[in-house]
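Just so it is clear, the structure is predicted and the values come from calculations on it, not from any experiment. Chain identifiers are assigned alphabetically (A, B, ...) following the order of the sequence lines, protein sequences preceding nucleic acid strands; residue numbering begins at 1 within each chain.
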Amino acid sequence: MTGCEDALVAFLLDQVDAAAVDHIRTCPRCRAEQPVVRALAVRLAADPAPTPPPTLAPRVLTAAGPLLARNAQGAAWRAAWPAVARALAAALIPLPAILVFDVALVRAIYSLLGAVLPHGLSLYLVVNHAALLALLLTLTYGAVPFLAARQARLLLQDGYRHG
Amino acid sequence: MGTDEELIGRVGVGDQDALAELCRRYERPLYHFIARHTGGRDVEDLYQETWLRAVRAAPRFDPSRRFSTWVFQIAVNLCRDWHRRPPPEPVEPDDNLASTSDAPEARIDARRLLAALPEAQRTVLLLRYYHGLSEEEAAEVLGCPRGTVKSRLHAARERLGRFVESA
Ligand SMILES: [Zn+2]
């Protein structure tokens with residue numbers, strides 16, 4: 001049964017091999033169905049394939065424009081990300097050392113001033129100094145994300161120019 | 001210009017020339033497939049949507065796959081969804097079709113034959129007969145076992161044979 005189906009389908013698809021030819025020649029059922037399959041193949045083959053209108057390709061390319069731009073942006077971000085990550089890591093690595101140094105500095109200044117100035121005045125000066133250091137540190141590290149984003153944007157534009 | 005797989009990779013990073021080349025290579029096969037699948041209805045919209053989906057999915061294209069089966073898979077899925085939308089399946093050819101002419105070839109043309117098939121059988125017949133896909137490639141496009149492709153084609157052959165015979 002399957003032999004018949006395989007042979008007839010192969011005949012329809014014009015893919016008959018020697019085994020299928022042998023089968024069709026010797027099998028009464030296939031010999032009876034062969035003309036029908038041939039008639040079917042003729043009808044299917046006679047189907048005129050419609051011609052795509054010439055406006056179709058430009059229409060597709062126009063519609064795909066925004067999606068292509070999004071693909072380009074995604075690719076540029078993927079390419080830029082390692083550089084941005086490296087910049088962030090490079091900025092963060094020395095942070096513990098800076099904090100330790102600043103704390104030690106503030107302590108040293110406090111003990112130095114405490115030896116020559118009244119307690120209240122030396123505390124006031126040290127707190128001012130510590131606040132200034134904290135402000136500078138905050139400004140420096142607060143700028144890191146903005147600098148990293150700017151770096152990514154530059155890489156992105158570079159990608160567009162070369163891509 | 002590169003292989004199809006290289007080109008879709010470039011579409012994935014936004015290359016319009018690569019898309020234009022792929023469209024040029026696949027315009028006819030995809031357009032013909034969709035036209036035969038839907039009986040000529042909504043062909044341009046489905047064709048465009050096939051490419052838009054391909055462009056959207058291009059960044060995730062697996063380069064170990066064949067582009068041709070991948071893009072046909074998108075078209076098959078869209079055609080399947082289209083057939084699920086109302087209005088449903090086109091009319092079944094019936095005995096009235098046989099009464100229009102004496103010449104057998106004119107009684108049932110290919111379009112009517114294809115419309116007589118259930119969607120799954122029609123898809124297999126289109127891929128195997130008109131697009132020359134192997135059983136394995138058709139199975140990959142449809143995401144089904146080779147045995148299913150074979151049985152659907154057998155069923156399609158038998159069903160259409162009956163129509164032709166009765167014409
Ligand atoms: Zn047989």
**OP:** Check each atom of B:Asp45 against the heavy atoms of chain A and say whether the ones under 4.5 Å are side chain, backbone, both or neither.
**Re:** both
Subject >> Short side-chain donor-acceptor distance under 3.5 Å, B:Gln48 and A:Arg59 >> reply: yes
Original post:
Are the charged groups of B:Arg112 and A:Asp47 less than 4.0 angstrom apart, N to O?
Top reply: no
Original post:
Are B:Tyr26 and B:Tyr31 an aromatic pair by the rule of ring centers under 6.0 Å?
Top reply: no
Original post:
Taking every heavy-atom pair that is under 4.5 Å apart, which of A:Pro52, A:Ala57, A:Ala75 has the most such pairs with chain B?
Top reply: A:Pro52
Original post:
Got a sec, which residues hit side chain to side chain contact (heavy atoms under 4.5 Å, CB included) with A:Ala10, two or more places apart in sequence or on another chain?
Top reply: A:Val16
Donor-acceptor pairs under 3.5 angstrom involving side-chain atoms of residues 74-81 of chain B: please list them, not counting sequence neighbours.
unit_1, atom_1, unit_2, atom_2, d
B:Asn77, ND2, B:Gln73, O, 3.3
B:Asp81, OD1, B:Arg84, NH1, 3.4

Subject >> Under 4.5 Å from any heavy atom of chain A - which part of B:Glu49 >> reply: neither
**OP:** Below 4.5 Å from any heavy atom of chain A, which atoms of B:Arg24 appear? Answer side chain, backbone, both or neither.
**Re:** neither
Subject >> Winner by heavy-atom pair count (cut-off under 4.5 Å) against chain B, out of A:Pro53, A:Ala64, A:Ala46 >> reply: A:Pro53
**OP:** Measure distances from B:Leu125 to the heavy atoms of chain A and classify the residue's part below 4.5 Å as side chain, backbone, both or neither.
**Re:** side chain
Original post:
Would A:Asp6 and B:His154 count as having a side-chain donor-acceptor pair, cut-off 3.5 Å?
Top reply: yes
Original post:
Which of the residues A:Pro35, A:Ala39, A:Ala45, A:Pro50 is involved in the greatest number of heavy-atom pairs with chain B at under 4.5 angstrom?
Top reply: A:Pro50
Subject >> Interface residue of largest heavy-atom contact number with chain B, from A:Leu12, A:Leu13, A:Asp14, under 4.5 Å >> reply: A:Leu13
